[in-house]
J.: 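I have a structure I would like to understand better, so I am pasting it below and will then ask my questions one at a time.
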Amino acid sequence: ETPRSRARSYLKEGARLHRIGEYAEAERLFREAIAIDPRNADGFFNLGALAEGRGDLISALSQYRAGLTIQPNDAALK
């Protein structure tokens with residue numbers, strides 16, 4: 001298993017947990033994915049979505065911007 005595939009596994013599990021309302025654990029996995037693969041724009045998008053969902057718009061914007069530095073043409077991040 002490569003670091004990138006491990007990061008994808010964390011993102012997938014984090015997304016599942018997010019869907020069922022396990023936000024803290026989802027956030028932990030998204031952060032772990034970024035720690036493993038710092039150029040993973042999906043991880044930043046997911047952290048932004050979590051922050052936006054809890055009303056922390058400043059943090060959400062920061063996460064989305066971090067993702068955009070990696071993938072500047074990503075429509076979801078814009």
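Remember, it's a predicted structure, so these values are computed and weren't measured experimentally.
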J.: Is there side-chain contact between Glu27 and Glu32, with at least one heavy-atom pair below 4.5 Å?
T.: no
J.: To the nearest 0.5 Å, tell me how far Asp56 CG sits from Gln63 CD.
T.: 9.5 Å
J.: If you count heavy atoms of other groups shown closer than 6.0 angstrom to CZ of Arg54, is the number above 12?
T.: yes
J.: Hey, can you pull the donor-acceptor pairs under 3.5 Å for the side chains in residues 39-52, sequence neighbours left out?
T.:
unit_1	atom_1	unit_2	atom_2	d
Asn40	OD1	Asp42	N	3.1
Asn40	OD1	Gly43	N	3.0
Asn46	ND2	Asp42	O	3.2
Glu52	OE1	Tyr64	OH	2.6

J.: Search all heavy atoms of Leu29 against all heavy atoms of Gly14 and return the closest pair with its distance.
T.: CD1-N, 3.8 Å
J.: Answer whether the closest heavy-atom distance between the side chains of Asp37 and Arg8 falls below 4.5 Å.
T.: no
J.: Answer yes if Phe30 and Tyr23 sit in the same cluster of Ile, Leu, Val, Met, Phe, Trp and Tyr residues linked by side chain heavy atoms under 4.5 Å apart, and no otherwise.
T.: yes
J.: Calculate, to the nearest 0.5 Å, the distance between atoms CD and CZ belonging to Glu13 and Arg28 respectively.
T.: 9.5 Å
J.: Any side-chain donor-acceptor pair under 3.5 Å between Ser5 and Thr2?
T.: yes
J.: Between Ile20 and Leu17, is any pair of side-chain heavy atoms under 4.5 Å apart?
T.: yes
J.: Verify the neighbour count for atom CZ of Arg4: are there more than 12 heavy atoms of other residues, nucleotides or ligands below 6.0 Å?
T.: no
J.: Shortest non-hydrogen contact from Ile70 to Pro38?
T.: CD1-O, 3.6 Å
J.: Measure across Pro3 and Ile36 and return the closest heavy-atom pair with its distance rounded to 0.1 Å.
T.: O-CG2, 3.1 Å
